[in-house]
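This report refers to the structure that appears directly beneath it.
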Amino acid sequence: MDASRRRFIKLGAHAVFGGLFVYTLRGLVPPGSPSTASARGDTAYDQYRPTDHEWAFIVDSTKCIGCGRCARACKQENNVPMEPSCNRTWVERYRITREDVVLVDSPDGGINGFPSDGSSGEGGGSNSSLTRNAPAKPQARKREEEVVKSFFVPKLCNQCERPPCVQVCPVGATYKTLDGVVLVNQKRCIGCRYCIQACPYGARYLVPDAEVTPTGQKHVADKCTWCYHRITRGLLPACVEACPVGARTFGDLRDPDSAVRRILDEHRIDVLKPDLGTRPRVKYIGLDEAVV
Amino acid sequence: MSHLVRAGLLLVVVVMGFWYAKSLTSVVSVEFIGITHADNPREWAGRAVNNQDSAICTECHNPLNTSWQGSAHVPVTCEDCHGTTKNHIVKARAGQSAPLPLVDAHDLCLTCHAKVPGRPASFPQVEPAQHIELLGGAPASCTLCHNPHNPGLPPEFTHSLEGRSACLACHGPDQWKPLPPDHAKRTQETCLTCHRSKEGR
């Protein structure tokens with residue numbers, strides 16, 4: 001009786017520690033190791049080690065001219081539906097009047113540029129009027145005309161270090177990769193829109209019912225991936241490539257000579273809504289108090 | 001006492017066993033990629049690249065590219081204006097006709113260069129109506145005067161403006177250093193719209 005119990009415990013201990021040993025060895029093999037991956041035949045990703053990169057995105061809003069080439073290039077590159085509600089990246093214009101009324105417009109996400117007459121773009125999009133001190137009145141038209149400060153703010157998914165969208169997903173469909181990019185596993189997504197509600201930056205959208213994703217899913221959440229298919233091939237995201245004034249910079253913080261590293265070292269940097277504790281990976285130069 | 005130690009050890013072993021079994025079957029952390037998403041980044045990474053690098057255009061369009069590469073428009077990619085070139089390249093390589101028309105070039109220039117509230121003041125921009133008026137009201141197409149692949153800027157003048165306010169006194173049609181023939185309709189007031197001095201305006 002006594003001997004058999006000892007034997008049982010000994011056997012159990014061996015099994016557990018043996019298992020732990022095997023598990024540790026398994027952890028030493030990187031996820032995208034060539035031995036398992038080459039059989040699937042995608043060479044670019046086989047060379048890619050997510051743990052070797054820490055991607056960062058810097059937007060210099062003082063340079064942005066609001067031409068919307070970024071938003072257009074993004075739609076072309078990522079097969080984003082042309083509907084105004086579907087944007088992986090877009091450009092907002094902030095106009096602040098003498099009375100401290102903040103006017104924000106982004107006609108069609110800015111893909112056709114901005115109207116030159118100073119009025120808010122008529123063509124749909126997200127037009128809104130925010131007020132910091134007094135509520136906007138209908139007769140605010142005159143006040144609106146006296147714009148004292150105006151500028152463009154390009155926006156995209158912030159790829160937060162603490163992403164609220166990942167926290168709320170009830171099926172675990174959205175997750176963080178080891179290089180910091182937040183992705184959606186659209187095979188798991190059930191299209192419940194929780195993540196769209198949870199994102200404080202409005203960076204997510206639901207693929208419209210008439211559309212199908214390139215991998216064949218319908219009615220699923222979608223968002224900016226920092227062009228994951230490009231950055232894993234060593235290319236720049238499409239919006240960075242398209243920007244004619246260099247307002248967008250992308251790079252690897254692990255590389256001490258990278259442009260993003262240099263900009264972070266040399267400039268005063270801000271993020272959107274820092275008080276929410278999401279720790280965005282998109283950093284801004286030249287933000288204003290009015291920007292939300 | 002030793003039976004308590006044995007029971008304690010057994011408990012530790014059982015807990016570790018549970019922990020190990022759990023780590024095999026569930027996501028490591030709700031935030032991080034676990035074995036359940038192991039193939040998903042590969043799917044995203046495997047998507048097709050649509051937008052082409054401008055360098056690929058040099059393969060065929062070389063003289064055009066040389067002038068563009070030395071110009072102020074070099075940060076503007078080919079696809080910024082010409083749209084997606086993927087089909088164009090595939091067709092052209094197969095020897096088929098592959099036109100790549102520019103839709104509405106006038107509006108295209110103004111997308112960047114119209115004077116719009118919010119645009120940084122240092123960026124070159126024009127008030128479209130005023131710009132046309134300055135030039136005598138005629139040209140509706142920007143490319144009539146400006147080469148889109150190498151826009152350049154009108155020459156700077158080398159002398160000071162100090163005490164020289166009447167440009168046409170020296171640069172009038174019959175004067176000492178006449179303005180070029182295509183400047184016929186321009187007046188005294190319009191010179192400084194395009195030309196700058198080296199010391200600024």
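Each chain gets a letter, A, B and so on, in the order its sequence line appears, and its residues count up from 1. Side chains are part of it too, since the values below use all heavy atoms of this structure and drop only hydrogens, waters and symmetry mates.
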#### Entry: Top contributor to chain B contacts, counting heavy-atom pairs under 4.5 Å, from A:Gly12, A:Gly246, A:Ala73
A:Ala73
### Task
Under 4.5 Å, counting heavy-atom pairs only, tell me which of B:Gln125, B:Lys86, B:Arg119 racks up the most with chain A.
B:Arg119
## Note on the structure
Max heavy-atom pairs within cutoff under 4.5 Å with chain B, candidates A:Thr232, A:Val16, A:Leu183, A:Asn112, goes to A:Leu183
### Task
For chain A, find which of B:Val13, B:Asp53, B:Asn40, B:Leu10 contributes the most heavy-atom pairs closer than 4.5 angstrom.
B:Asn40
### Query
Taking only residues two or more places apart in sequence, or in another chain, which ones meet B:Glu43 in a side chain to side chain donor-acceptor pair (under 3.5 Å)?
A:Lys187
### Task
Counting only heavy atoms closer than 4.5 Å, note whether A:Cys227 contacts chain B via side chain, backbone, both or neither.
neither
### Query
Given that the side chain runs from C-beta out, which part of A:Ile9 has a heavy atom under 4.5 Å from chain B: side chain, backbone, both or neither?
side chain
### Message
Among B:Val76, B:Asp80, B:Val12, which residue has the highest count of heavy-atom pairs closer than 4.5 Å to chain A?
### Response
B:Asp80
### Task
Could you walk me through whether A:Phe152 and A:Tyr94 pass the ring pair (Phe, Tyr, Trp, His ring centres under 6.0 Å) test, one step at a time?
CA-CA 6 Å; A:Phe152 295 102; A:Tyr94 282 74; 9.9 Å; no
### Query
Is it true that A:Glu241 and A:Arg248 make a salt bridge, defined as a side-chain N closer than 4.0 Å to a carboxylate O?
no
### Task
Among the options B:Leu9, B:Val14, B:Asn50, pick out the one with the most heavy-atom pairs lying under 4.5 Å from chain A.
B:Asn50
#### Entry: Nearest heavy-atom neighbours spanning A:Pro214 and A:Asn79
CG-ND2, 3.7 Å
### Query
Using 4.0 Å as the upper bound for N to carboxylate O, is an ion pair formed by A:Asp222 and A:Arg88?
yes
### Query
What do you reckon, are the aromatic ring centroids of A:Tyr45 and A:His229 less than 6.0 Å apart?
no
#### Entry: Under 4.5 Å from any heavy atom of chain B - which part of A:Leu235
side chain
### Query
Should the pair A:Glu77-A:Arg230 be classified as a salt bridge under the 4.0 Å nitrogen-to-oxygen rule?
yes
### Task
Identify which part of A:Ala173 has an atom lying under 4.5 Å from any heavy atom of chain B, answering side chain, backbone, both or neither.
backbone
### Message
Quick check for you: among A:Gly113, A:Pro244, A:Cys243, which has the greatest number of heavy-atom pairs under 4.5 Å with chain B?
### Response
A:Pro244
### Task
Give me the ring orientation class for A:Tyr48 and A:Tyr228: parallel if the planes are under 30° apart, tilted from 30 to 60°, perpendicular past 60°.
perpendicular
